[in-house]
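The structure appears below as structure tokens.
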Amino acid sequence: MCSQYRLVGQKEGGKITYHVEVRKRHDRGIPSEHSATVSGGGQGPLGMSLEQADTAHLHSSAKTQDFDVSGSSDEMTDRS
């Protein structure tokens, strides 16, 4: 599944209310896809950097699984 984004809203007079919905398949891929390195951005165990090839190996060795992500934002309001 590719990333899907949807803007849902309505306009009443000059007031617009809307929210954003998202659906995405989190796929670790294969090393040849040249996906980005995952970085925690800090020092220590939770701040480590993981090469994409390493995360793909975890998936191919059945230690991790791909998963779907979905959600929506809070309702927002704007004026036209």
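Taking 4.5 Å as the limit, some side-chain heavy atom of Thr77 sits within range of a side-chain heavy atom of Lys15. Between Tyr18 and Leu7, the closest side-chain pair of non-hydrogen atoms falls below 4.5 Å.
Grouped with Tyr5 in one hydrophobic cluster are Val22, the linkage being side-chain heavy-atom contacts under 4.5 Å among Ile, Leu, Val, Met, Phe, Trp and Tyr residues.
A donor-acceptor contact shorter than 3.5 Å links the side chain of Ser73 to the backbone of Val20.
Looking at His19, Arg23, Glu21 one by one, the single match for side-chain contact (heavy atoms from CB on, under 4.5 Å) with Arg6 turns out to be Glu21.
With sequence neighbours excluded, no residue forms a side chain to side chain donor-acceptor pair (under 3.5 Å) with Arg79.
Atom-to-atom distance recorded for Thr17:OG1 and Lys11:NZ is 12.0 Å, nearest 0.5 angstrom.
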